[in-house]
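Note on naming: letters A, B, ... go to the chains in the order of the sequence lines (proteins, then strands), and numbering restarts at 1 for each one.
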There are 2 protein chains.
Amino acid sequence: MASNQQVKLFIIVGSPFVARAEIALKLKGVEYECLHESLSNKSDLLLKYNPVHKKVPVLLHNDKPVCESLVIVEYVDEAWTGYPILPSDPYHRAQARFWSKFIDDKVLPAVIKAAWNPNEKEREQGAEEAREALKILENELKEKFFNGDSVGLVDIAALFIAFWLPLIQEAGGLDLYSGEKYPKLEKWGHEILNHPVVKGVLPPRDHLLAFFKTRFQSISA
Amino acid sequence: MASNQQVKLFIIVGSPFVARAEIALKLKGVEYECLHESLSNKSDLLLKYNPVHKKVPVLLHNDKPVCESLVIVEYVDEAWTGYPILPSDPYHRAQARFWSKFIDDKVLPAVIKAAWNPNEKEREQGAEEAREALKILENELKEKFFNGDSVGLVDIAALFIAFWLPLIQEAGGLDLYSGEKYPKLEKWGHEILNHPVVKGVLPPRDHLLAFFKTRFQSISA
């Protein structure tokens with residue numbers, strides 16, 4: 001990193017969206033400083049830099065804020081040279097954008113609905129939607145990673161499925177995802193969780209499991 | 001367009017999402033053939049090329065499909081030279097992606113909820129969310145267009161507000177948007193609706209108004 005570059009990242013430990021930004025920065029070899037936020041007490045600085053969504057991650061590059069995790073990943077890919085996170089070919093770039101959008105528009109909301117919707121019927125419908133969306137993603141996996149041989153935008157977007165989803169399932173006693181039903185996603189999950197850069201940003205598993213258990217208990221109480 | 005390029009677009013007349021793709025293609029001067037679909041009877045070809053969402057627009061470039069309107073707009077910007085739809089600077093590109101995502105994640109769902117949610121309280125909440133999101137967008141407008149002096153990604157994404165939203169309001173008797181409350185958006189709307197390329201792709205106003213009126217009637221009946 002050039003000495004005149006100042007890179008800061010507003011984070012909350014355990015956030016899958018923060019992990020996306022961190023993986024992008026680390027793949028590029030960008031050094032950055034973490035500014036720790038808490039869900040219950042957001043700093044004035046975070047609210048200043050992300051007044052619209054008031055959420056982490058926010059990337060601060062020479063005092064200019066970039067918000068929204070996938071926007072940050074694309075920004076990091078374009079602002080720094082080195083490791084290519086998106087493919088160079090326009091068609092493959094469009095496919096990467098399509099699938100990362102699919103994960104955020106279809107997979108994530110379905111899992112959240114399945115886990116935490118107050119209405120039982122809605123939760124069941126969410127579970128069905130999650131299984132369908134995961135099946136579509138399973139069928140899309142053709143190689144080691146979504147992007148081919150190396151970790152790219154879609155892998156970064158989908159990491160939630162390999163790490164957070166199994167913990168949510170375990171904490172809430174849900175049945176959305178299993179290695180038997182999604183063998184290609186399972187194999188991919190193993191690869192990505194053992195990728196050295198990804199490994200380096202994953203939050204402690206036990207802490208996160210305890211957090212999700214508390215979250216389920218507070219709802220059922 | 002080079003003679004070896006084959007560009008087709010699956011469309012439904014009246015769709016704001018199709019309009020996005022058409023504006024991008026026309027700004028670049030790309031010639032394309034329209035393949036007309038109908039909401040009630042989607043062709044096998046559409047289902048083949050967009051099996052995930054089964055929706056228009058689908059861009060077919062030399063038989064390769066690109067789906068999702070904003071993904072198409074970015075693809076067109078990268079696959080053809082000429083008119084720049086996204087800025088060249090990475091930071092400004094990130095801002096354009098942030099705001100176009102804001103329109104699709106916040107403005108559009110709020111308007112749909114305000115207009116067509118079966119629950120009256122939800123409709124009222126949607127109206128409030130729509131007004132707030134429009135106010136945020138109003139405050140973001142600093143120049144003639146979102147991108148400066150020329151039509152760009154955010155203007156293309158936001159066109160819905162200038163053309164479709166007033167028709168939905170009129171058809172459903174809603175009060176979400178008015179020129180007095182959003183003077184900068186109103187001025188921007190006048191500019192973009194009179195842009196020669198945009199003008200050329202807008203569907204007939206009266207047909208669309210009749211369509212929305214029928215839609216409101218069928219719900220209240």
Side-chain angles (χ1 to χ4, degrees), chain A residues 21 24 28 49-55 58-81 85-109 132-140 153-154, chain B residues 21 24 28 49-55 57-81 85-109 132-137 139-140 153-154:
Chain A
K28 290 282 187 186
Y49 287 122
N50 189 0
V52 173
H53 302 296
K54 305 173 179 67
K55 284 181 181 169
V58 175
L59 177 73
L60 212 56
H61 185 194
N62 296 333
D63 278 330
K64 289 193 290 186
V66 184
C67 305
E68 295 277 20
S69 62
L70 293 181
V71 174
I72 292 173
V73 173
E74 281 214 59
Y75 173 73
V76 169
D77 197 35
E78 295 183 348
W80 284 276
T81 55
I85 298 172
L86 271 82
S88 59
D89 172 72
Y91 186 74
H92 294 137
R93 292 168 72 81
Q95 295 309 302
R97 290 190 184 115
F98 175 87
W99 286 110
S100 57
K101 184 172 163 54
F102 175 80
I103 289 159
D104 276 9
D105 288 357
K106 299 292 174 185
V107 182
L108 273 170
E132 273 175 39
L134 288 166
K135 184 54 79 182
I136 289 171
L137 215 54
E138 166 86 4
N139 293 336
E140 182 54 25
L153 179 69
V154 184
Chain B
K28 289 282 187 186
Y49 287 122
N50 189 0
V52 173
H53 301 296
K54 304 174 179 66
K55 284 180 181 169
V58 175
L59 177 73
L60 213 55
H61 185 195
N62 296 333
D63 278 330
K64 289 194 290 187
V66 184
C67 305
E68 295 277 21
S69 63
L70 294 181
V71 175
I72 292 173
V73 172
E74 281 215 58
Y75 173 73
V76 169
D77 197 34
E78 294 183 348
W80 282 276
T81 55
I85 298 172
L86 270 82
S88 58
D89 172 71
Y91 187 74
H92 293 137
R93 293 168 71 82
Q95 295 309 302
R97 290 190 185 116
F98 175 88
W99 286 109
S100 57
K101 184 170 163 54
F102 175 79
I103 289 160
D104 275 9
D105 289 356
K106 298 291 174 186
V107 183
L108 272 170
E132 272 175 38
L134 288 166
K135 184 53 78 182
I136 290 171
L137 215 53
N139 292 337
E140 183 53 25
L153 179 68
V154 184

- Task: Report the option among Gln95(A), Lys101(A), Glu78(A) that has the most heavy-atom pairs separated by less than 4.5 Å from atoms of chain B.
- Result: Glu78(A)
- Message: As an exercise: rank Ile136(A), Val52(A), Val66(A) by heavy-atom pairs under 4.5 Å with chain B and give me the winner.
- Response: Val52(A)
- Message: Out of Glu140(A), Arg93(A), Glu132(A), Lys106(A), return the one with the most heavy atom pairs under 4.5 angstrom to chain B.
- Response: Arg93(A)
- Is there a side-chain contact (heavy atoms from CB on, under 4.5 Å) between Asp77(A) and Lys28(A) once you walk through the steps? CA-CA 8 Å; Asp77(A) 197 35; Lys28(A) 290 282 187 186; 3.1 Å; yes
- Query: Sub-3.5 Å donor-acceptor pair from the side chain of Tyr91(B) to the main-chain atoms of Pro65(A), do we have one?
  - Reply: yes
- Task: Give the intermediate values and the outcome of side-chain contact (heavy atoms from CB on, under 4.5 Å) for residues Leu137(B) and Trp99(B).
- Result: CA-CA 8 Å; Leu137(B) 215 53; Trp99(B) 286 109; 3.8 Å; yes
- Message: Apply side-chain contact (heavy atoms from CB on, under 4.5 Å) to residues Arg97(A) and Glu74(A) and explain how you reach the verdict.
- Response: CA-CA 10 Å; Arg97(A) 290 190 184 115; Glu74(A) 281 214 59; 3.0 Å; yes
- Applying a strict 4.5 Å limit to non-hydrogen atoms, the region of His61(A) in contact with chain B is neither
- Heavy-atom proximity to chain A below 4.5 Å, by part of Pro51(B): neither
- Begin from the C-alpha positions of Tyr49(B) and Asp63(B) and carry the test side-chain contact (heavy atoms from CB on, under 4.5 Å) through to its verdict. CA-CA 9 Å; Tyr49(B) 287 122; Asp63(B) 278 330; 3.9 Å; yes
